[in-house]
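Notes to accompany the following structure.
Numbers here are sequence positions counted from 1. When a ligand or atom number is given, it counts from 1 through the structure's own listing order.
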Amino acid sequence: MKIAVVGAGISGLSAAAFLKRSGHDVVIYEQFDTPRPLGSGLMLQPTGLAVLARLGLDKAAIGASSPILGIQGRVAGAERVIFDVSYRTLAPHLFGLGIHRGTLFSLLHDETNRQKIPVVTSVVVADATYDADNKPLLGDGKNRHGPFDLVINAQGMRSPLRQKFAEVKKDRMYPYAAVWGVCRDTAGAFKNHLYQRYQKARHMIGVMPVGKLNGDACESVAFFWSLRTHEYDLWREQGLQAWRRHVVALWPEVEALAGQFETLDDLSFATYGDVVLRSCCNHRMVSIGDAAHATSPQLGQGANMGLMDALVLDECLRQTEDVNAAIKTYAEKRKRHIGFYQTASHWLTPFFQSDASFHPILRDATFGLMCKLPYLGTEMVRTLAGVKTGLFTSMNPGTIHPDYDLSPDNSSKASRREFFPTP
Ligand SMILES: Cc1cc2nc3c(=O)[nH]c(=O)nc-3n(C[C@H](O)[C@H](O)[C@H](O)COP(=O)(O)OP(=O)(O)OC[C@H]3O[C@@H](n4cnc5c(N)ncnc54)[C@H](O)[C@@H]3O)c2cc1C
């Protein structure tokens, strides 16, 4: 089939890589002059790693990033850990990855280059129509591209194609956003965990190792600061020194990290929202990744879900030559996993990023205990690991790739043992 993938992000590049391997004629359209990632680091879950393993890229990803054993969150100024989840609860050698966006992007981009998938750049795809044979054509305001047997919309959260061709149930921005950047952990103080500090739910600081970048001898960390979207201009007006003082007052141990940002421009601004679709497919068109199901980054699942979308879409297209039947099956197969994380992100975000006063009180009183309870604690880790498909159901990433098998008889193998960090 002749397939157009619109958007060279994580979802689009991975979908193109899988589909080309399956023998399709794939072309990627990207709005930027040169495809590039935006933002600093992200957490890749075992599900996402298992998908990368199917592309033969997981070892390279692990080697160029930092293994993450779990998340530890504390209230600023208090010693008590209120959020403590560890992948080990599920399997002894299971871990996630703290990875720089550029690293993940380069791995996928190199793979699409290796497969000689053409990327048509500087094309802002804003529209699509159908030709006389009812095949989609893409429009960028000046030219028409196509026709194609299938168009995959991987344009991300602000997708114009979604607005026109998907049945949108919800498309709403969160009132909270984040600035994030990368700095060097010269003291080696932040290893193998995503560390968070909370000031009520008004501010959250996150620090996560993302590996040694560009041959550096010391590890870099992604630094994350959450703020209200409408306070961004005020944050800039108040300036770097005022922000540093605020950060250090909440978390003195990160002084050396925050001190490395020389200007506020060293931190990129990211807004986020919830996108829920009634249907992600139309005739010969399907939306994947953030274009179909953007969420807040609270649970660190967006990139993982985009990778899962890419794999499942390819599998469905392998099973039938009827494109519309394949994309309907795809939507059905992805419904429960996506639905769980959309709901979980929506309900959890106010506990960490909101003006609410009751939510952080409830969080501080109950989350620490919940992490320790046998059933609830395990379900929280499953949620983090990206394997939940419903309140009482989950999947085994071993069904994606055997190296990530969580079944008890295989638990010593779960995740790539040779990379497991020495505690
Ligand atoms: C602060 C923050 C932290 C996050 N942390 C995590 C995390 O820890 N773990 C995790 O899994 N996820 C995380 N996420 C979410 C993750 O970044 C996204 O889910 C993921 O990047 C979505 O990938 P995508 O390819 O679907 O979309 P995008 O990455 O948005 O890519 C879309 C691509 O389409 C292109 N495009 C857009 N419009 C057009 C157009 N009209 N024409 C042509 N091309 C177009 C864009 O230029 C871009 O290249 C985080 C997000 C944020 C904001």
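- Below 3.5 Å of separation, one finds no N or O of Thr271 facing any N or O of ligand 1.
- Residue contacts with ligand 1, taken as heavy atom pairs separated by less than 4.0 Å, involve Ser11 via backbone and side-chain atoms alike.
- Contacts of Leu161 with ligand 1, taken as heavy-atom pairs under 4.0 Å, are absent altogether.
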Set out, in order, the CA-CA distance, both residues' side-chain angles and the distance that settles salt bridge (Lys or Arg N to Asp or Glu O under 4.0 Å) for Lys169 and Asp274, then state yes or no.
CA-CA 10 Å; Lys169 187 172 168 191; Asp274 275 337; over 6 Å; no
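- Distance from atom 35 (C) of ligand 1 to its nearest protein heavy atom, with residue and atom name: Glu30 OE1, 3.3 Å.
- Considering backbone and side-chain atoms alike, Val125 places an N or O below 3.5 Å from some N or O of ligand 1.
- Inspection of the Ser345 and Gln301 side chains reveals no N or O donor paired with an N or O acceptor under 3.5 Å.
- Of the protein's non-hydrogen atoms, the one nearest atom 28 (P) of ligand 1 is Gly156 CA, 4.1 Å.
- When only non-hydrogen protein atoms are considered, atom 34 (O) of ligand 1 lies nearest to Gly7 CA, 3.2 Å.
- Between Phe148 and Tyr29, the ring-plane angle classifies as perpendicular under the 30° and 60° cut-offs.
- Short contacts between ligand 1 and Ala270, defined as distances under 4.0 Å to a heavy atom of the residue, involve ligand atoms 53 (C).
- Residue Gly302 has at least one nitrogen or oxygen atom sitting less than 3.5 Å from a nitrogen or oxygen atom of ligand 1, judged on distance alone.
- Less than 4.0 angstrom separates some heavy atom of Val124 from each of these atoms of ligand 1: 41 (N), 42 (N).
- On a distance-only criterion, Gln31 and ligand 1 share at least one N/O pair closer than 3.5 Å.
- Remark: Arg363 qualifies as a cation-pi partner of Phe352 under the 6.0 Å distance and 45° angle criteria applied to the six-membered ring.
- The protein heavy-atom contact nearest to atom 18 (C) of ligand 1 is Asp290 OD2, 3.3 Å.
- Contacts between Ala154 and ligand 1, counted as non-hydrogen atom pairs separated by less than 4.0 Å, involve the backbone only.
- At least one N or O atom of Asn304 sits closer than 3.5 Å to an N or O atom of ligand 1.
- For ligand 1, none of its N or O atoms has an N or O atom of Pro297 under 3.5 Å away.
- A heavy-atom distance below 4.5 Å is found between the side chains of Lys388 and Glu379.
- The N/O atoms of Met43, backbone and side chain alike, include one that comes under 3.5 Å of an N/O atom in ligand 1.
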With side chain to side chain contact (heavy atoms under 4.5 Å, CB included) as the criterion, how do Val254 and Phe190 come out once you've worked through the C-alpha distance, each side chain's angles and the decisive distance to 0.1 Å?
CA-CA 9 Å; Val254 299; Phe190 299 92; 3.8 Å; yes
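- With salt bridges taken as basic N to acidic carboxylate O contacts below 4.0 Å, none links Asp314 and Arg21.
- Closest protein heavy atom to atom 40 (C) of ligand 1: Gln155 NE2, 3.3 Å.
- Atoms of ligand 1 found under 4.0 Å from any heavy atom of Tyr272 (numbered from 1 in listed order, with element): 53 (C).
- Counting atoms of ligand 1 from 1 in the listed order, those under 4.0 Å from a heavy atom of Val123 are 42 (N), 43 (C).
- Using a 4.5 Å cut-off on side-chain heavy atoms (C-beta onward), Asp355 and Arg228 make contact.
- Close N/O approach between Ala303 and ligand 1 is found [any backbone or side-chain N/O within under 3.5 Å].
- Only side-chain heavy atoms of Arg101 come within less than 4.0 Å of ligand 1; its backbone N, CA, C and O stay farther off.
- One finds the CG atom of Asp403 at 7.0 Å from the CG atom of Asp58 (value rounded to the nearest 0.5 Å).
- Scanning all protein heavy atoms for the shortest distance to atom 29 (O) of ligand 1 gives Gly9 CA, 4.2 Å.
- Distance from atom 6 (C) of ligand 1 to its nearest protein heavy atom, with residue and atom name: Leu42 CB, 3.7 Å.
- Heavy-atom distances between Ala126 and ligand 1 stay at or above 4.0 Å for every pair.
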